[in-house]
Structure formats: C-alpha cells, structure tokens
Amino acid sequence: MKKGKGKAAKKAMKFAERKAKAEKWVAEYDGTPYGGDIIKAYRKKFAVDRMKAVAELQMLGVSLTKEQIDREKAAVKAYQDIQKAKKAKRKRLREQRKMQKSDIADYLEQDDRFYYIAGYTSGGAPYGVTWEEMGMSPYMEDCDD
C-alpha cells in the first residue's frame, strides 16, 4: 500500500495534481457536508486556504456568488486582524517585562550606604552618591512631586 495518503500529502499536492481529483469531487458533491458550503467542504477536503479554495473552485467552473466570495474575504481579513492584535499584545507584554527587569536592575544598584552606585573600584568597593548626600534615609520612598 502506498504511503503518504493523509492531510500532509494533500497539502503537498499542486493544483495540477489535485485538479483531476477536484473535478471528480465537484461533480459528485451533493451539498450535505458542512451545510452545503462548497467552499468550506473543498477547503477541508483538499487542505487549502480560503482564497485558494475560491480561486480553484472558479477554475473548476463552479459559479460562486459575490456574497460567498465576500464572506471568505471578510473571514481572511478578520483572521489577519486577530493575528495582528495577538502580535501587538505579545509585543506589549514583552516590553512590560523588559521595563520590569530594568526597574529591578535600577533598584539593585543601591544598598544601605549608597543611594546610587555608579560603579566599583578594582578592589570591589562601591562608589557613587550616598543616602546622606541625597538628604534621604535608606529605602525611603523617592518622591519627585
């Protein structure tokens, strides 16, 4: 028995290879699968995207209404908008995490003696602005009002 008879094999097929099977399928299609939606049935049967299904069905001589085509275009646009929103949300969350990490890093550049540690000497001693120079006590809330 020949291997590769699954969804992946159908996806790998070019339209020229799929055309004979598709013509036979269209001729036998009775409208029962997917509530009579030939575009959806074709998409599921041959594992193609929405607009490719529309184009291939038209090449096979199936007459589609403008409403059917517009519905598929709207679905593609809605999917793209959802993906764009998800990408923006991921970017925003990534930036928030980055800001939180930088806030923590700023906080770590202090200790009981120094308000701001500018660096360390070669012996490892910190230097910078002390709490007394700032007129504050350690870990006092910083108010810039």
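Basis for what follows: all heavy atoms, side chains included, without hydrogens, waters or symmetry-related copies. Because the structure is predicted, anything quoted here is derived from the model rather than measured.
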J.: Side-chain polar contacts of residues 76-93 - donor-acceptor pairs under 3.5 angstrom, sequence neighbours left out - could you list them?
T.:
unit_1: Lys77; atom_1: NZ; unit_2: Asp81; atom_2: OD1; d: 3.2

J.: Using the salt bridge (charged side-chain N to carboxylate O under 4.0 Å, His left out) rule, collect all pairs that involve residues 122-137, keeping only residues at least two apart or in two chains.
T.: none
J.: Any salt bridge (charged side-chain N to carboxylate O under 4.0 Å, His left out) pairs touching residues 59-69, not counting sequence neighbours?
T.: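 Qualifying pairs: Lys66-Asp70.
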J.: By the salt bridge (charged side-chain N to carboxylate O under 4.0 Å, His left out) test, which pairs, at least two apart or in different chains, include something from residues 48-60?
T.: Arg18-Glu56, Arg50-Glu72
J.: Any heavy-atom pair between the side chains of Ile38 and Leu64 that's under 4.5 Å?
T.: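 Yes; the side chains approach each other to less than 4.5 Å.
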J.: Taking C-beta and beyond as the side chain, do Leu60 and Tyr42 meet within less than 4.5 Å on heavy atoms?
T.: yes
J.: With sequence neighbours excluded, tell me which residues meet side chain to side chain contact (heavy atoms under 4.5 Å, CB included) with Ala118.
T.: Tyr116, Tyr127
J.: State yes or no: do Val48 and Met51 share one hydrophobic cluster built from I, L, V, M, F, W and Y residues joined by side-chain heavy-atom distances below 4.5 Å, directly or via other members?
T.: no
J.: If you look at every heavy atom in Phe114 and Gly128, which pair is closest and at what distance?
T.: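 Minimum heavy-atom separation between Phe114 and Gly128: CE2-N, 3.5 Å.
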J.: Are Met59 and Phe15 side-chain neighbours, meaning at least one heavy-atom pair lies under 4.5 Å?
T.: yes
J.: Write down the atom of Ala41, the atom of Pro33, and the distance for their closest heavy-atom approach.
T.: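 Looking at all heavy atoms of both residues, the shortest contact is CB-O, 4.4 Å.
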J.: Only pairs at least two apart or in different chains count here, so list each salt bridge (charged side-chain N to carboxylate O under 4.0 Å, His left out) that has a residue in residues 20-38.
T.: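 Found Asp37-Arg71.
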